[in-house]
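None of these values were measured; they are calculated from a predicted model. The chains referred to below are lettered A, B, ... by the order of the sequence lines, with proteins before strands, and numbering in each begins at 1.
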Protein chains: 2
Amino acid sequence: MMRLSKLTDYAVVMMVHMGQVNDLSSGDVTFTTARLSEDTGVPQPTVAKVLKGLSRAGLLRSVRGAQGGYVVERTADEVSIAEIIQALDGPIALTACVDGADDSCNVENLCGMRGNWNRVNDAIQSALGQVTLADMALTPMEFPVPDVPARAHGQSPSTSRGA
Amino acid sequence: MMRLSKLTDYAVVMMVHMGQVNDLSSGDVTFTTARLSEDTGVPQPTVAKVLKGLSRAGLLRSVRGAQGGYVVERTADEVSIAEIIQALDGPIALTACVDGADDSCNVENLCGMRGNWNRVNDAIQSALGQVTLADMALTPMEFPVPDVPARAHGQSPSTSRGA
DNA sequence: CGAAACAGTACCAGCATGGTCCTATATCTA
DNA sequence: TAGATATAGGACCATGCTGGTACTGTTTCG
Ligand code: FES
Ligand code: FES
(Lines give C-alpha, C1' and ligand atoms only; values in the text may rest on other atoms or scores of the structure.)
(Ligands and ions follow the chains in the order given, each with its own letter.)
Protein backbone atom coordinates (compact mmCIF):
# COMPACT_ATOMS: atom_id res chain seq x y z
CA MET A 1 0.00 0.00 0.00
CA MET A 2 0.95 3.58 -0.10
CA ARG A 3 2.96 2.60 -3.08
CA LEU A 4 3.70 5.01 -5.81
CA SER A 5 3.45 3.52 -9.25
CA LYS A 6 6.39 2.00 -10.98
CA LEU A 7 6.18 4.57 -13.71
CA THR A 8 6.72 7.28 -11.16
CA ASP A 9 9.66 5.46 -9.76
CA TYR A 10 11.15 5.23 -13.21
CA ALA A 11 10.48 8.88 -13.74
CA VAL A 12 12.46 9.87 -10.70
CA VAL A 13 15.31 7.62 -11.65
CA MET A 14 15.44 9.09 -15.11
CA MET A 15 15.19 12.65 -13.97
CA VAL A 16 18.02 12.13 -11.54
CA HIS A 17 20.06 10.42 -14.17
CA MET A 18 19.50 13.16 -16.71
CA GLY A 19 20.39 15.76 -14.16
CA GLN A 20 23.64 14.04 -13.39
CA VAL A 21 24.62 13.70 -17.02
CA ASN A 22 23.70 17.30 -17.55
CA ASP A 23 25.96 18.31 -14.72
CA LEU A 24 28.88 16.41 -16.18
CA SER A 25 28.44 17.88 -19.62
CA SER A 26 27.65 21.26 -18.16
CA GLY A 27 25.05 21.81 -20.83
CA ASP A 28 21.55 20.84 -21.80
CA VAL A 29 21.94 17.38 -23.14
CA THR A 30 19.26 15.96 -25.40
CA PHE A 31 18.24 12.46 -24.44
CA THR A 32 16.52 10.04 -26.73
CA THR A 33 14.26 7.37 -25.32
CA ALA A 34 16.64 4.81 -26.75
CA ARG A 35 19.52 6.25 -24.82
CA LEU A 36 17.60 6.41 -21.59
CA SER A 37 16.28 2.93 -22.04
CA GLU A 38 19.81 1.73 -22.35
CA ASP A 39 20.99 3.75 -19.38
CA THR A 40 18.25 2.63 -17.04
CA GLY A 41 17.28 -0.80 -18.28
CA VAL A 42 13.65 0.17 -18.62
CA PRO A 43 12.07 -1.00 -21.88
CA GLN A 44 12.01 1.69 -24.47
CA PRO A 45 8.25 2.06 -24.99
CA THR A 46 7.85 2.47 -21.29
CA VAL A 47 10.55 5.09 -21.18
CA ALA A 48 8.66 6.89 -23.89
CA LYS A 49 5.46 6.81 -21.89
CA VAL A 50 7.17 8.18 -18.84
CA LEU A 51 8.93 10.95 -20.68
CA LYS A 52 5.79 11.89 -22.52
CA GLY A 53 4.11 12.39 -19.21
CA LEU A 54 6.94 14.45 -17.84
CA SER A 55 7.08 16.61 -20.90
CA ARG A 56 3.34 17.19 -20.83
CA ALA A 57 3.71 18.38 -17.27
CA GLY A 58 6.42 20.78 -18.31
CA LEU A 59 9.24 19.06 -16.48
CA LEU A 60 10.99 18.32 -19.72
CA ARG A 61 11.16 20.01 -23.08
CA SER A 62 10.69 17.75 -26.07
CA VAL A 63 12.48 18.17 -29.35
CA ARG A 64 10.96 16.30 -32.22
CA GLY A 65 12.52 15.07 -35.38
CA ALA A 66 15.95 13.77 -36.13
CA GLN A 67 18.51 14.66 -33.49
CA GLY A 68 15.56 15.22 -31.23
CA GLY A 69 14.87 13.96 -27.77
CA TYR A 70 14.14 15.38 -24.36
CA VAL A 71 15.91 18.16 -22.58
CA VAL A 72 15.86 19.03 -18.90
CA GLU A 73 16.02 22.70 -18.34
CA ARG A 74 15.49 23.07 -14.64
CA THR A 75 18.37 22.15 -12.40
CA ALA A 76 18.00 19.19 -10.11
CA ASP A 77 17.34 21.23 -7.03
CA GLU A 78 14.49 23.05 -8.68
CA VAL A 79 12.44 19.94 -9.17
CA SER A 80 10.71 18.23 -6.28
CA ILE A 81 9.68 14.63 -6.38
CA ALA A 82 6.17 15.78 -5.58
CA GLU A 83 6.06 17.41 -8.99
CA ILE A 84 7.14 14.25 -10.65
CA ILE A 85 4.59 12.20 -8.83
CA GLN A 86 1.86 14.57 -9.76
CA ALA A 87 3.00 14.64 -13.35
CA LEU A 88 2.49 10.92 -13.75
CA ASP A 89 0.01 9.84 -11.14
CA GLY A 90 -2.13 12.90 -10.99
CA PRO A 91 -2.75 14.89 -7.85
CA ILE A 92 -1.79 13.38 -4.56
CA ALA A 93 -5.01 12.31 -2.92
CA LEU A 94 -4.74 9.93 -0.02
CA THR A 95 -8.43 9.20 0.20
CA ALA A 96 -11.50 9.68 -1.90
CA CYS A 97 -12.65 12.51 0.29
CA VAL A 98 -9.68 14.72 -0.39
CA ASP A 99 -10.10 17.85 -2.43
CA GLY A 100 -8.31 16.80 -5.58
CA ALA A 101 -10.09 13.48 -5.82
CA ASP A 102 -12.87 12.98 -8.31
CA ASP A 103 -15.21 10.46 -6.75
CA SER A 104 -16.43 11.06 -3.25
CA CYS A 105 -16.05 8.94 -0.17
CA ASN A 106 -18.76 6.38 0.51
CA VAL A 107 -19.15 7.29 4.12
CA GLU A 108 -18.94 11.00 3.58
CA ASN A 109 -22.19 11.84 5.24
CA LEU A 110 -21.65 9.86 8.41
CA CYS A 111 -18.01 10.62 8.84
CA GLY A 112 -17.17 13.66 10.86
CA MET A 113 -13.68 14.16 9.60
CA ARG A 114 -14.03 15.18 6.00
CA GLY A 115 -11.66 18.08 6.14
CA ASN A 116 -9.05 16.39 8.21
CA TRP A 117 -7.80 14.09 5.52
CA ASN A 118 -6.93 17.18 3.58
CA ARG A 119 -4.52 18.25 6.24
CA VAL A 120 -2.85 14.92 6.38
CA ASN A 121 -2.68 14.93 2.65
CA ASP A 122 -1.14 18.37 2.60
CA ALA A 123 1.45 17.27 5.09
CA ILE A 124 2.52 14.44 2.89
CA GLN A 125 2.53 16.54 -0.19
CA SER A 126 4.66 19.02 1.65
CA ALA A 127 7.09 16.33 2.71
CA LEU A 128 7.33 15.17 -0.85
CA GLY A 129 7.67 18.72 -2.07
CA GLN A 130 10.68 19.31 0.11
CA VAL A 131 12.74 16.60 -1.47
CA THR A 132 14.41 17.65 -4.68
CA LEU A 133 16.05 15.58 -7.34
CA ALA A 134 19.32 16.93 -6.12
CA ASP A 135 18.57 15.40 -2.75
CA MET A 136 17.82 12.06 -4.32
CA ALA A 137 21.17 12.09 -6.03
CA LEU A 138 23.02 12.52 -2.77
CA THR A 139 24.54 9.69 -0.90
CA PRO A 140 22.21 8.75 1.97
CA MET A 141 24.50 10.27 4.56
CA GLU A 142 24.10 13.81 3.33
CA PHE A 143 20.40 13.51 2.77
CA PRO A 144 18.57 16.56 4.16
CA VAL A 145 15.91 14.59 6.01
CA PRO A 146 12.56 16.11 5.18
CA ASP A 147 11.28 17.68 8.33
CA VAL A 148 8.31 16.05 9.87
CA PRO A 149 9.26 15.30 13.44
CA ALA A 150 8.68 18.11 15.92
CA ARG A 151 6.11 16.23 17.89
CA ALA A 152 5.77 12.57 18.61
CA HIS A 153 2.15 11.62 18.50
CA GLY A 154 1.72 11.35 22.22
CA GLN A 155 2.18 14.94 23.23
CA SER A 156 0.12 17.99 22.42
CA PRO A 157 2.22 20.53 20.56
CA SER A 158 0.33 23.79 20.71
CA THR A 159 -2.28 23.68 18.07
CA SER A 160 -3.65 20.43 19.35
CA ARG A 161 -7.05 19.98 20.85
CA GLY A 162 -5.95 22.20 23.69
CA ALA A 163 -8.35 24.95 22.74
CA MET B 1 -2.05 7.44 -7.00
CA MET B 2 -0.77 7.63 -3.54
CA ARG B 3 -4.16 6.45 -2.53
CA LEU B 4 -4.65 4.44 0.58
CA SER B 5 -7.06 1.59 0.15
CA LYS B 6 -10.73 1.94 0.88
CA LEU B 7 -10.46 -0.61 3.61
CA THR B 8 -8.01 1.59 5.40
CA ASP B 9 -10.27 4.55 5.01
CA TYR B 10 -13.09 2.56 6.53
CA ALA B 11 -10.84 1.48 9.33
CA VAL B 12 -10.05 5.02 10.29
CA VAL B 13 -13.68 6.01 10.16
CA MET B 14 -14.64 3.11 12.38
CA MET B 15 -11.88 3.66 14.85
CA VAL B 16 -12.81 7.29 15.17
CA HIS B 17 -16.43 6.38 15.56
CA MET B 18 -15.77 3.79 18.21
CA GLY B 19 -13.58 6.20 20.06
CA GLN B 20 -16.31 8.77 20.11
CA VAL B 21 -18.94 6.36 21.31
CA ASN B 22 -16.56 5.15 23.95
CA ASP B 23 -16.07 8.69 25.13
CA LEU B 24 -19.78 9.25 25.46
CA SER B 25 -20.36 6.06 27.36
CA SER B 26 -17.20 6.58 29.35
CA GLY B 27 -16.48 2.89 29.22
CA ASP B 28 -15.23 0.19 26.92
CA VAL B 29 -18.14 -0.46 24.66
CA THR B 30 -18.30 -3.71 22.75
CA PHE B 31 -19.16 -3.24 19.11
CA THR B 32 -20.55 -5.93 16.89
CA THR B 33 -19.89 -5.84 13.18
CA ALA B 34 -23.63 -5.47 12.67
CA ARG B 35 -23.72 -2.38 14.79
CA LEU B 36 -20.78 -0.80 13.06
CA SER B 37 -22.13 -1.67 9.67
CA GLU B 38 -25.29 0.16 10.57
CA ASP B 39 -23.42 3.11 11.99
CA THR B 40 -21.11 3.58 9.05
CA GLY B 41 -23.06 2.28 6.08
CA VAL B 42 -20.30 -0.12 5.14
CA PRO B 43 -21.57 -3.61 4.28
CA GLN B 44 -21.28 -5.98 7.18
CA PRO B 45 -18.88 -8.53 5.68
CA THR B 46 -16.54 -5.74 4.80
CA VAL B 47 -16.75 -4.34 8.28
CA ALA B 48 -15.83 -7.75 9.55
CA LYS B 49 -12.83 -7.90 7.30
CA VAL B 50 -11.61 -4.53 8.44
CA LEU B 51 -12.07 -5.27 12.12
CA LYS B 52 -10.39 -8.60 11.83
CA GLY B 53 -7.38 -6.85 10.45
CA LEU B 54 -7.37 -4.28 13.19
CA SER B 55 -7.73 -6.89 15.87
CA ARG B 56 -4.95 -8.98 14.42
CA ALA B 57 -2.73 -5.93 14.60
CA GLY B 58 -3.64 -5.43 18.23
CA LEU B 59 -5.55 -2.21 17.74
CA LEU B 60 -8.74 -3.84 18.93
CA ARG B 61 -9.54 -6.62 21.32
CA SER B 62 -11.97 -9.19 20.05
CA VAL B 63 -14.51 -10.93 22.22
CA ARG B 64 -15.94 -14.06 20.73
CA GLY B 65 -19.20 -15.76 21.34
CA ALA B 66 -22.59 -14.37 22.15
CA GLN B 67 -22.48 -10.84 23.47
CA GLY B 68 -19.12 -10.59 21.85
CA GLY B 69 -17.72 -7.98 19.57
CA TYR B 70 -14.77 -5.67 19.40
CA VAL B 71 -13.45 -3.41 22.09
CA VAL B 72 -11.10 -0.47 21.77
CA GLU B 73 -8.81 -0.19 24.67
CA ARG B 74 -6.45 2.54 23.72
CA THR B 75 -7.75 6.07 23.80
CA ALA B 76 -8.06 7.96 20.58
CA ASP B 77 -4.93 9.97 21.05
CA GLU B 78 -2.87 6.88 21.57
CA VAL B 79 -3.53 5.54 18.11
CA SER B 80 -1.93 7.06 15.04
CA ILE B 81 -3.36 6.65 11.62
CA ALA B 82 -0.02 5.26 10.54
CA GLU B 83 -0.71 2.28 12.77
CA ILE B 84 -4.06 1.74 11.18
CA ILE B 85 -2.64 1.97 7.71
CA GLN B 86 0.03 -0.53 8.54
CA ALA B 87 -2.46 -2.84 10.13
CA LEU B 88 -4.45 -3.18 6.94
CA ASP B 89 -2.15 -2.34 4.10
CA GLY B 90 1.07 -3.65 5.49
CA PRO B 91 4.16 -1.57 5.98
CA ILE B 92 4.33 1.78 4.33
CA ALA B 93 6.65 1.37 1.39
CA LEU B 94 6.59 4.09 -1.22
CA THR B 95 8.67 2.23 -3.72
CA ALA B 96 9.91 -1.26 -4.31
CA CYS B 97 13.35 -0.34 -3.15
CA VAL B 98 12.32 0.62 0.35
CA ASP B 99 13.33 -1.52 3.26
CA GLY B 100 9.98 -3.01 4.14
CA ALA B 101 9.15 -3.96 0.59
CA ASP B 102 9.43 -7.54 -0.55
CA ASP B 103 10.36 -7.40 -4.19
CA SER B 104 13.24 -5.25 -5.26
CA CYS B 105 13.33 -2.38 -7.65
CA ASN B 106 14.01 -3.20 -11.27
CA VAL B 107 16.60 -0.53 -11.71
CA GLU B 108 18.27 -1.11 -8.39
CA ASN B 109 21.73 -1.65 -9.77
CA LEU B 110 21.88 1.40 -11.98
CA CYS B 111 20.11 3.76 -9.67
CA GLY B 112 22.30 5.68 -7.31
CA MET B 113 19.65 6.59 -4.80
CA ARG B 114 18.66 3.37 -3.15
CA GLY B 115 18.84 4.62 0.38
CA ASN B 116 17.20 7.92 -0.29
CA TRP B 117 13.73 6.59 -0.82
CA ASN B 118 13.93 5.24 2.67
CA ARG B 119 14.32 8.72 4.04
CA VAL B 120 11.39 10.03 2.10
CA ASN B 121 9.41 7.07 3.21
CA ASP B 122 10.33 7.65 6.81
CA ALA B 123 9.26 11.24 6.53
CA ILE B 124 5.84 10.24 5.35
CA GLN B 125 5.51 7.57 7.92
CA SER B 126 6.42 10.11 10.51
CA ALA B 127 3.84 12.56 9.22
CA LEU B 128 1.25 9.84 9.38
CA GLY B 129 2.43 8.78 12.79
CA GLN B 130 1.87 12.22 14.17
CA VAL B 131 -1.80 12.28 13.42
CA THR B 132 -3.89 10.51 16.00
CA LEU B 133 -7.46 9.38 15.86
CA ALA B 134 -8.25 12.15 18.27
CA ASP B 135 -6.95 14.59 15.72
CA MET B 136 -9.12 13.11 13.03
CA ALA B 137 -12.15 13.58 15.20
CA LEU B 138 -11.51 17.28 15.59
CA THR B 139 -13.21 19.86 13.50
CA PRO B 140 -10.81 20.96 10.77
CA MET B 141 -10.13 24.28 12.43
CA GLU B 142 -8.49 22.82 15.47
CA PHE B 143 -6.48 20.29 13.53
CA PRO B 144 -2.87 20.17 14.75
CA VAL B 145 -1.28 20.39 11.31
CA PRO B 146 1.36 17.71 11.08
CA ASP B 147 4.67 19.48 10.84
CA VAL B 148 6.47 19.15 7.60
CA PRO B 149 7.28 22.65 6.37
CA ALA B 150 10.50 24.16 7.70
CA ARG B 151 12.16 24.43 4.33
CA ALA B 152 10.70 25.11 0.94
CA HIS B 153 12.42 23.10 -1.69
CA GLY B 154 14.16 26.00 -3.34
CA GLN B 155 16.71 26.72 -0.69
CA SER B 156 19.54 24.58 0.50
CA PRO B 157 19.03 23.80 4.17
CA SER B 158 22.51 22.84 5.24
CA THR B 159 23.02 19.28 4.26
CA SER B 160 22.29 19.83 0.60
CA ARG B 161 24.87 19.15 -2.04
CA GLY B 162 26.98 21.90 -0.58
CA ALA B 163 29.74 19.48 0.28
C1' DC C 1 -27.84 -27.54 23.37
C1' DG C 2 -28.68 -23.63 20.47
C1' DA C 3 -28.03 -18.91 19.26
C1' DA C 4 -24.77 -15.18 18.71
C1' DA C 5 -20.73 -13.45 17.17
C1' DC C 6 -15.86 -13.62 15.70
C1' DA C 7 -11.91 -16.36 12.85
C1' DG C 8 -10.22 -17.97 8.84
C1' DT C 9 -10.20 -18.92 4.23
C1' DA C 10 -11.45 -19.39 -0.32
C1' DC C 11 -13.53 -17.25 -4.17
C1' DC C 12 -14.86 -13.94 -7.73
C1' DA C 13 -15.80 -9.58 -10.29
C1' DG C 14 -14.12 -5.12 -11.42
C1' DC C 15 -10.56 -1.98 -12.08
C1' DA C 16 -6.13 0.07 -12.29
C1' DT C 17 -1.44 -0.68 -13.65
C1' DG C 18 1.92 -1.05 -16.92
C1' DG C 19 3.60 -2.68 -20.87
C1' DT C 20 3.12 -2.95 -26.22
C1' DC C 21 2.08 -1.27 -30.72
C1' DC C 22 0.56 1.62 -34.41
C1' DT C 23 -0.04 5.89 -36.77
C1' DA C 24 0.82 10.86 -37.27
C1' DT C 25 3.94 14.67 -37.11
C1' DA C 26 8.12 17.32 -36.81
C1' DT C 27 12.99 17.96 -37.90
C1' DC C 28 17.41 17.03 -39.62
C1' DT C 29 20.56 15.40 -43.34
C1' DA C 30 21.72 13.90 -47.86
C1' DT D 1 12.83 16.76 -52.21
C1' DA D 2 13.37 12.22 -50.05
C1' DG D 3 14.32 9.60 -46.35
C1' DA D 4 15.71 8.71 -41.79
C1' DT D 5 15.09 9.83 -37.01
C1' DA D 6 12.57 10.82 -33.10
C1' DT D 7 8.59 12.34 -30.36
C1' DA D 8 3.06 12.70 -29.90
C1' DG D 9 -0.82 10.52 -29.15
C1' DG D 10 -3.60 7.14 -28.70
C1' DA D 11 -5.58 2.30 -28.72
C1' DC D 12 -4.88 -2.04 -26.91
C1' DC D 13 -4.45 -6.04 -23.85
C1' DA D 14 -2.60 -8.91 -19.99
C1' DT D 15 -1.81 -9.12 -15.38
C1' DG D 16 -2.39 -8.29 -10.62
C1' DC D 17 -4.53 -6.13 -6.91
C1' DT D 18 -8.70 -4.48 -4.51
C1' DG D 19 -12.72 -5.10 -2.27
C1' DG D 20 -16.64 -7.43 -1.72
C1' DT D 21 -19.06 -12.15 -0.79
C1' DA D 22 -19.75 -16.67 1.02
C1' DC D 23 -18.93 -20.59 3.67
C1' DT D 24 -17.23 -23.19 7.47
C1' DG D 25 -15.21 -23.47 12.05
C1' DT D 26 -14.83 -21.90 16.89
C1' DT D 27 -15.90 -19.64 21.09
C1' DT D 28 -19.11 -17.96 24.50
C1' DC D 29 -23.52 -16.94 26.59
C1' DG D 30 -28.03 -18.37 28.14
S1 FES E 1 -13.32 9.28 5.37
FE2 FES E 1 -14.31 9.88 3.57
S3 FES E 1 -15.57 11.49 4.23
FE4 FES E 1 -14.56 10.89 6.01
S1 FES F 1 14.52 3.69 -7.43
FE2 FES F 1 14.64 1.61 -6.97
S3 FES F 1 16.69 1.30 -6.47
FE4 FES F 1 16.59 3.40 -6.99
Open item on the list: For a side-chain contact (heavy atoms from CB on, under 4.5 Å) check, start with the C-alpha distance between Ser37(A) and Val47(A), then their side-chain angles and the critical distance, and finish with the verdict.
Closed with: CA-CA 6 Å; Ser37(A) 166; Val47(A) 173; 3.9 Å; yes
Think [X] has a side-chain N or O under 4.0 angstrom from the OP1 or OP2 of [N]?
{"X": "Tyr10(B)", "N": "dG20(D)", "answer": "yes"}
{"X": "Thr33(B)", "N": "dC6(C)", "answer": "yes"}
{"X": "Ser62(B)", "N": "dA7(C)", "answer": "yes"}
{"X": "Ser55(B)", "N": "dC6(C)", "answer": "no"}
{"X": "Ser5(B)", "N": "dG19(D)", "answer": "yes"}

Can you measure [X] atom [atom1] to [N] atom [atom2] for me and round it to whole angstrom units?
{"X": "Leu51(B)", "N": "dA5(C)", "atom1": "CG", "atom2": "P", "value": "14 Å"}
{"X": "Gln44(A)", "N": "dT20(C)", "atom1": "CD", "atom2": "P", "value": "11 Å"}
{"X": "Ile85(A)", "N": "dT17(C)", "atom1": "CD1", "atom2": "P", "value": "14 Å"}
{"X": "Leu88(B)", "N": "dG20(D)", "atom1": "CG", "atom2": "C1'", "value": "15 Å"}
{"X": "Lys52(A)", "N": "dC22(C)", "atom1": "NZ", "atom2": "C1'", "value": "11 Å"}
{"X": "Gln67(A)", "N": "dG3(D)", "atom1": "CD", "atom2": "C1'", "value": "14 Å"}
{"X": "Arg3(B)", "N": "dT18(D)", "atom1": "CZ", "atom2": "C1'", "value": "13 Å"}
{"X": "Met14(B)", "N": "dC6(C)", "atom1": "CE", "atom2": "P", "value": "12 Å"}

- [ ] Take Lys49(A) and Arg64(A), find for each the nucleotide of DNA chain D with the closest heavy atom, and name the residue whose nucleotide sits nearer the 5' end.
- [x] Arg64(A)
Open item on the list: For the CG atom of Leu60(B) and the CE atom of Met14(B), what is their distance to the nearest 0.5 Å?
Closed with: 10.5 Å
Open item on the list: Quick check: do Gln125(A) and Gln86(A) have side-chain heavy atoms less than 4.5 Å from each other?
Closed with: yes
Open item on the list: As a quick check of understanding, evaluate side-chain contact (heavy atoms from CB on, under 4.5 Å) for Val120(A) and Met136(B), giving each step before the final call.
Closed with: CA-CA 9 Å; Val120(A) 178; Met136(B) 292 303 281; 4.2 Å; yes
Task: Ala66(A) or Ala34(B), whichever maps to the more 5' nucleotide of DNA chain C - done: Ala34(B)
Open item on the list: Please pick, from dG19(D), dG19(C), dC6(C), the nucleotide with the shortest atom-to-atom distance to any side-chain atom of Thr32(B).
Closed with: dC6(C)
Open item on the list: Can a side-chain donor-acceptor contact be found between Asp89(B) and Thr8(B) if the only test is distance below 3.5 angstrom?
Closed with: yes
